[in-house]
Amino acid sequence: MSTVLVANGPNLSRLGTREPEKYGSTSYDELAAHAMQWGSDLGLEVVMRQSDDEAELVAWMHEAVDNGWDVVLNPAAFTHYSYALRDACALVTSAGRRLIEVHLTNPHAREEFRHTSVISGVATGTIAGLGIDSYRLGLEAIAATAS
Ligand code: DQA
């Protein structure tokens with residue numbers, strides 16, 4: 001069974017209570033349960049993680065490369081400025097693994113600083129603006145081309 005790391009950046013542990021009018025009322029634990037179920041329905045093993053720490057996210061991208069995992073990544077605020085995470089994501093895709101960047105909201109419809117993603121240029125693809133369905137569609141994209 002192919003393994004997918006679903007990695008989440010800063011403040012996403014607060015889903016459910018964090019600006020619910022933007023990010024929805026689903027908690028992080030509920031999102032994790034959905035992601036596990038979606039993965040299992042698609043024949044994927046999901047490893048779900050969240051960190052507020054850039055270094056930890058970078059280390060997880062290295063782990064994905066070493067283990068041959070595909071990645072669904074919500075980089076959260078790191079999307080907009082973390083060149084370290086971008087370079088780690090480039091390691092994933094240049095190793096031939098898929099990395100789908102996902103966002104709950106549509107950053108392009110929000111503040112100007114959110115219009116830039118330093119991750120998109122090295123991602124396999126990006127899905128944004130569909131709430132938690134962005135994650136489901138990210139997993140589907142990986143399942144459709146699983147290797
Ligand atoms: C986000 C969008 C980012 O701009 C923001 O910093 C987040 C969440 C999203 O899922 O919509 O933390 O990645």
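For this chain, numbers begin at 1 and follow the sequence in order. Atoms within a ligand are numbered from 1 in the order they appear, just like the ligands themselves.
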By side-chain hydrogen bond (donor to acceptor under 3.5 Å, both in side chains), which residues pair with T124, not counting sequence neighbours? none

Classify the ring geometry of H108 against H115: parallel below 30°, tilted from 30° to 60°, perpendicular beyond 60°. tilted

Hey, can you tell me if W38 and H34 have their rings parallel, tilted or perpendicular (30° and 60° cut-offs)? parallel

Looking at residues at least two apart in the chain, or sitting in another chain, which of them share a side-chain hydrogen bond (donor to acceptor under 3.5 Å, both in side chains) with S117? E101, S120

Where does ligand 1 get N/O contacts under 3.5 Å from the protein, atom by atom?
residue: ligand 1; atom: 4 (O); partner: H80; partner atom: NE2; Å: 2.7
residue: ligand 1; atom: 4 (O); partner: R114; partner atom: NH1; Å: 2.8
residue: ligand 1; atom: 6 (O); partner: A77; partner atom: N; Å: 3.2
residue: ligand 1; atom: 6 (O); partner: R114; partner atom: NH1; Å: 3.1
residue: ligand 1; atom: 10 (O); partner: N74; partner atom: ND2; Å: 2.9
residue: ligand 1; atom: 10 (O); partner: L104; partner atom: N; Å: 2.8
residue: ligand 1; atom: 11 (O); partner: L104; partner atom: N; Å: 3.3
residue: ligand 1; atom: 11 (O); partner: T105; partner atom: N; Å: 2.8
residue: ligand 1; atom: 11 (O); partner: T105; partner atom: OG1; Å: 2.5
residue: ligand 1; atom: 12 (O); partner: R18; partner atom: NH1; Å: 3.1
residue: ligand 1; atom: 12 (O); partner: R18; partner atom: NH2; Å: 3.0
residue: ligand 1; atom: 13 (O); partner: N74; partner atom: OD1; Å: 2.8
residue: ligand 1; atom: 13 (O); partner: H103; partner atom: ND1; Å: 2.8

Only counting residues at least two apart or in another chain, list the ones meeting side-chain hydrogen bond (donor to acceptor under 3.5 Å, both in side chains) with D52. Q50

R98 side chain vs T145 backbone, donor-acceptor pair below 3.5 Å: yes

